[in-house]
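Per chain, numbering begins at 1; letters A, B, ... match sequence-line order.
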Protein chains: 2
Amino acid sequence: MGNIKAIANGSKKDVILKKAAALFRLKGFKASSMRELALTIGVEAPSLYNHIVSKSELLQHICFSVANEFTLQLQEVELSKVSNTKKLEQLIRFHIKMMVHSFDEVYVANNEWKYLDEPYLSDFLKQRRVYENKMVQLVKEGILKKELKNVHPYVSVLTILSAVRGVEFWQRQKKDISVEELENNMVNQLLTGLTNI
Amino acid sequence: MGNIKAIANGSKKDVILKKAAALFRLKGFKASSMRELALTIGVEAPSLYNHIVSKSELLQHICFSVANEFTLQLQEVELSKVSNTKKLEQLIRFHIKMMVHSFDEVYVANNEWKYLDEPYLSDFLKQRRVYENKMVQLVKEGILKKELKNVHPYVSVLTILSAVRGVEFWQRQKKDISVEELENNMVNQLLTGLTNI
DNA sequence: TAACAAAACTAACGCTTATTAGTTTTTAAG
DNA sequence: CTTAAAAACTAATAAGCGTTAGTTTTGTTA
């Protein structure tokens, strides 16, 4: 039929991973068939198995490469010598940028992780829990330093992490607003609110 | 094997719908089989078809009953004679309450609507678009009345609607914080922000 | 050009799926 | 008790799934 075109500096597996992320995002992991994935690549389904181990492996790779990117960025932010408010702002901006530039992958990690097999499922959830707890810690410290209002730290983190996922909807009608505008508006609403006083 | 126990004031179909919402929420629509649904009800899979038309019909019913509840509440809020800020607050609180009290159904409507068949899929998306646009209008008016900051209305609505979905995470560890506390904290963060000044 | 490895192909397997057909059991009314 | 309807059952179907086996084509190096 055809053959898998490797992109510059990327293996054929990378091509499969990219197409898989796009398909899984669009149709969901369970509703995406290996035959359909192969079709978007221009190859027969069994040919994929010369490059990958299984369908599950694709999901694992997508979920953990996203999780690792977030974990890495969090570690970097934690080390930086700025206020806790600024740290939270940096994280919010990073989340938005990830949603914009790696939309398929982030969406899949956010919405399809439940189809991970063990032990990957437990590992993923653990990594996410650690991430959340570290953000909660940032908020707690910000409150102690009087930078932040006396909010419930966990609810605050949960609100932030959910809010940034709203970029998903922006993806569909990105025409009339730039990434910078999106980012600034979202950061402002989360940090300083919507109302005048 | 068994038989479907109708709950007080509800048909057997209602029982199936309730169990379907719970299963679809937990495993996702595509990964939920009619056999497994039947098992949770205590009946063989083909027996379900004495009460329902198809698996798709279950999803349609769940999605549209949720969508209609939100649409109805929005109409009520629009008619009330309070400030636009208060209208938005009422809507946020309603979203949180729905996430708390009809979690399975709202989650399914939020996350599994893509598996709706046509023409239901288009109808659902249209109804959601209308809902979003009406919220955008509330924000626009609030800005004109100087109640609200000069934010980008669409980004603001998208942030609010995503943020309230964060209640999903609260559902897993609801022990150490009450619904009221959750609701007040989330409303405050969205309307007045996280930072001191 | 010969030889070897990589990667494509076709065919098929075993399994699961939603759903239908046909039959038996349960429930409710006269 | 009889009867009719409702709702359960068993068995089976056709379609789709991820994946494997075995074979052929393609690409690379000597």
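For A:Tyr120, the OH atom is loosely surrounded, since the number of other residues' heavy atoms within 6.0 Å does not exceed 12. Within 6.0 Å of the NZ atom in A:Lys19, the count of heavy atoms belonging to other residues, nucleotides or ligands does not exceed 12. Within a 6.0 Å radius of NZ in B:Lys126, no more than 12 heavy atoms belonging to other residues, nucleotides or ligands are found.
The line from CG of B:Asn133 to CD of B:Gln137 is 9.0 Å long, rounded to the nearest 0.5 Å.
Five base pairs at each end of the helix from C:dT1-D:dA30 to C:dG30-D:dC1 define two local axes, and these are offset by 10° (rounded to 10°).
Whole-Å rounding puts the A:Leu48 CG to C:dA8 P distance at 8 Å. Rounded to whole Å, the distance from CD on B:Glu44 to P on C:dT24 is 17 Å. Following rounding to the nearest Å, A:Tyr49 (OH) and C:dC9 (C1') show an atom-to-atom distance of 16 Å. At whole-Å resolution of the value, CD in A:Glu36 and P in D:dC17 are 8 Å apart. Per the geometry, CG belonging to B:Leu39 stands 13 Å off P belonging to C:dA18, to the nearest Å.
Near-neighbour residues of DNA chain D inside residues 54-62 of chain B, defined by a heavy atom below 4.0 Å, are absent. Within residues 21-34 of chain A, the residues that place at least one heavy atom under 4.0 Å from DNA chain D are, in residue-number order, A:Ser32, A:Ser33, A:Met34.
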N/O donor-acceptor pairs under 3.5 Å from side chains in residues 20-30 of chain A, not counting sequence neighbours:
unit_1, atom_1, unit_2, atom_2, d
A:Arg25, NE, A:Asp104, OD1, 2.9
A:Lys27, NZ, A:Glu36, OE2, 2.8

Please set out all donor-acceptor pairs under 3.5 angstrom arising from side-chain atoms of residues 74-83 of chain A, sequence neighbours excluded.
unit_1, atom_1, unit_2, atom_2, d
A:Ser80, OG, A:Val77, O, 2.9
A:Ser83, OG, A:Lys86, N, 3.0

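Between the side chain of A:Asn50 and the base of C:dA6 there is no donor-acceptor pair of N/O atoms closer than 3.5 Å. Contact annotation: side chain of A:Arg35 to base of D:dG16, donor-acceptor pair absent below 3.5 Å.
Annotation: ring pair (Phe, Tyr, Trp, His ring centres under 6.0 Å) contacts involving residues 66-87 of chain A, sequence neighbours excluded, comprise A:Phe70-A:Phe94, A:Phe70-A:His95.
With salt bridges taken as basic N to acidic carboxylate O contacts below 4.0 Å, none links B:Lys87 and B:Glu147. One finds no salt bridge joining B:Arg165 and A:Glu168 here, because no Lys/Arg side-chain nitrogen approaches an Asp/Glu carboxylate oxygen to under 4.0 Å.
Closest of all the heavy-atom pairs between B:Phe124 and B:Ala109 is CZ-O, 3.5 Å.
When distances are taken from the side chain of A:Pro46 to each of C:dC9, D:dG18, D:dT10, the shortest belongs to C:dC9.
Side chains of B:Lys97 and B:Gln73 form no contact here, defined as non-hydrogen atoms less than 4.5 Å apart.
Note on B:His51: every side-chain N or O is 4.0 Å or more away from OP1 and OP2 of D:dA6. Considering only side-chain N and O atoms, A:Ser47 lies nowhere under 4.0 angstrom from the phosphate OP1 or OP2 of C:dA7.
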